[in-house]
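The structure appears right after this line, and notes come after that.
All heavy atoms count here, side chains included; hydrogens, waters and symmetry mates do not. Order of the sequence lines sets the chain letters (A, B, ...), proteins ahead of strands, with each chain counted from 1.
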There are 2 protein chains.
Amino acid sequence: MERHLPPATVRPSRLHEAMRYSIFCGGKRIRPILCLAAAEAAGGSDGTAMLPAVALEFLHTYTLIHDDLPAMDNDDLRRGKPTSHKVYGEANAILAGDSLLTLAFELLAQAKESGRLALELAAAAGSRGVVGGQFEDLVSEGLQPDAAQVQFIHIHKTAKLIQAACRMGAIAAGAGGPAIDALGRYGLNVGLAFQVADDILNATSSPEALGKAVGSDAARGKMTYVALYGIERARREADKLVADAIAALQGLPGPVEPLAAIARFIVERKS
Amino acid sequence: MERHLPPATVRPSRLHEAMRYSIFCGGKRIRPILCLAAAEAAGGSDGTAMLPAVALEFLHTYTLIHDDLPAMDNDDLRRGKPTSHKVYGEANAILAGDSLLTLAFELLAQAKESGRLALELAAAAGSRGVVGGQFEDLVSEGLQPDAAQVQFIHIHKTAKLIQAACRMGAIAAGAGGPAIDALGRYGLNVGLAFQVADDILNATSSPEALGKAVGSDAARGKMTYVALYGIERARREADKLVADAIAALQGLPGPVEPLAAIARFIVERKS
């Protein structure tokens, strides 16, 4: 990722510094890891999916920067550190996010299968993906939890991009339609499990373990799986999603154990 | 453009409505027109550059939505109508901009030469292009006008994208390196002339003619060509840039008169 970011010595230095600050703030790198592991499960060689993997992390980081803005979730902490707008101001946080989004597509443009990869990423990231999910998340604050709406938000805000990460890994590996689709099913289930686990952590973890505010979903009246069904049923649902994800891995040509391990980690993680 | 935007009936409806509001707010469509005209000047047939042309207008519109935000230029009017955040609120304006930026790359991914086109657009739009120019524009407010800094802002905030529009038209038309470069030189000069003309209009026009606030550059201490050299020298500079632009058109295989006419229109326009 270092190599694909503009150096902080290039103008505008402070903008490039803001981009780097959010990228190197200690994320879990779930999306690039899934992309690389999906490429290997699809029979690709080590590193074939590096450009899409880096693009996915840049894109994900832009969504976090914009989501944290005062006009959106107004979060002060992310990954245990002050959010971009707290450090660089609101205008620069917006611009750093815009730049990372643009850079994600610049990286894909340099990959083999650039067109197909960009289509996958854009469909998962735009108004029919992450941005649409964030929109519905904001308008649902304080409303009575509703199963269909929680599902819409989770699929769009989180699961589609994780699904795209897995599909992009398979595409970069040169996989055929069935392998791409199988990895997409794995990704959709893992993505939903990831978001349900996030909802549980927000309700049960500590700020020290999580690196951000805890209980904020409930305080804001966020429409989460936990608000809808409670902790116990959310845990059972996450376990079921992980089992479905792992079941989708059967018959792939490459090693699938890393993907199965990631799926299990996602529901067992403490942060 | 209508066909390439998500219908307002698709969820999230209000987000798609916000995207449509800003696109159909009556812009001059300079970038798509230049892209299409450049494709014809490069010998391409009618409409070969339609996808990049639409992508350019979507991208440009996102930059306007974000530039107008309270954290940036805090503008209430654009093209004679209330700005996006005045109508839809700040969060939705940020998200509508993010969606249009993403959609621009989604369109390019469907074009022939998708990788090359996306590289051109991303380089002109990101932190080393429009976003970088907007960043320097904001940090320069209220500072003593400086020739190098005005040049940096004009090139990055405006001219690079117009240059990219012309290069992208040539690439979509299947042109060779010399034609792409000639149209790029035309575009860079036209882009600079466009921005100098903008600075002049901001200082001399009426809100009725311009569709947005007038005199706002001076009131905010914006670093413009007019602030640096005054109106008369700015007019001479714009004329010189237009002459240089037209000179770059010699030897192209297709009709160049439309591009020459656009260059002249750009400095003579009243809005």
Side-chain angles (χ1 to χ4, degrees), chain A residues 5-6 10-12 14-16 18-19 59 62-63 66 69-73 85 89-112 114-123 125-136 138-139 152 156, chain B residues 5-6 10-12 14-16 18-19 59 62-63 66 69-73 85 89-112 114-123 125-136 138-139 152 156:
Chain A
L5 283 166
V10 165
R11 280 181 78 185
R14 199 160 163 79
L15 175 60
H16 292 146
M19 293 164 72
L59 188 126
Y62 122 76
T63 68
H66 281 192
L69 286 167
M72 305 258 212
D73 291 345
H85 63 91
E90 217 175 315
N92 296 339
I94 296 168
L95 294 173
D98 292 344
S99 301
L100 285 170
L101 168 53
T102 308
L103 189 52
F105 284 101
E106 190 167 355
L107 293 188
L108 290 189
Q110 297 164 54
K112 266 192 283 188
S114 59
R116 283 171 75 196
L117 291 169
L119 275 184
E120 291 282 340
L121 186 65
S127 69
R128 283 164 290 191
V130 178
V131 177
Q134 171 68 2
F135 181 93
E136 292 289 341
L138 288 173
V139 299
F152 184 96
H156 289 77
Chain B
L5 282 165
V10 165
R11 282 181 76 186
R14 200 160 164 77
L15 176 60
H16 293 146
M19 293 163 72
L59 189 127
Y62 122 75
T63 69
H66 281 193
L69 286 168
M72 306 257 212
D73 290 346
H85 62 92
E90 215 176 316
N92 296 339
I94 296 170
L95 293 173
D98 291 344
S99 301
L100 286 169
L101 168 52
T102 307
L103 190 52
F105 284 101
E106 190 167 355
L107 293 188
L108 290 188
Q110 296 163 56
K112 265 191 285 188
S114 58
R116 282 171 77 196
L117 291 169
L119 275 184
E120 291 283 339
L121 185 64
S127 69
R128 282 163 289 191
V130 178
V131 176
Q134 171 67 4
F135 180 94
E136 293 289 341
L138 287 173
V139 300
F152 184 97
H156 288 77

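Heavy atoms closer than 4.5 Å to chain A are found in both the backbone and the side chain of B:L119. Using a 4.5 Å cut-off between heavy atoms, B:R116 does not touch chain A at all.
Taking the side chain as every heavy atom from C-beta outward, A:E90 and B:E90 approach each other to under 4.5 Å.
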When the side chains of residues 91-100 of chain B are checked against the rest of the protein, which donor-acceptor pairs come out under 3.5 Å, sequence neighbours left out?
residue : atom : partner : partner atom : Å
B:N92   : ND2  : B:Y88   : O            : 2.9
B:D98   : OD1  : A:H66   : ND1          : 3.2
B:D98   : OD2  : A:H66   : ND1          : 2.8
B:S99   : OG   : B:L95   : O            : 2.9

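Partners of A:P6 by side-chain contact (heavy atoms from CB on, under 4.5 Å), not counting sequence neighbours, listed by chain and number: A:H16, A:M19, A:L103, B:S127, B:R128.
Partner of B:F105 under the side chain to side chain contact (heavy atoms under 4.5 Å, CB included) criterion, chosen from A:L101, A:L121, A:T102: A:T102.
Stacking of A:R11 on the aromatic ring of B:F152 is recorded, both the 6.0 Å distance cut-off and the 45° axial limit being met.
For the set A:P12, A:G132, A:G115, A:A111, the entry with the most heavy-atom pairs within less than 4.5 Å of chain B is A:P12.
Taking both residues in full, the closest heavy atoms of B:E106 and A:A122 are given as CB-CB, 3.5 Å, listed atom of the first, atom of the second, then distance.
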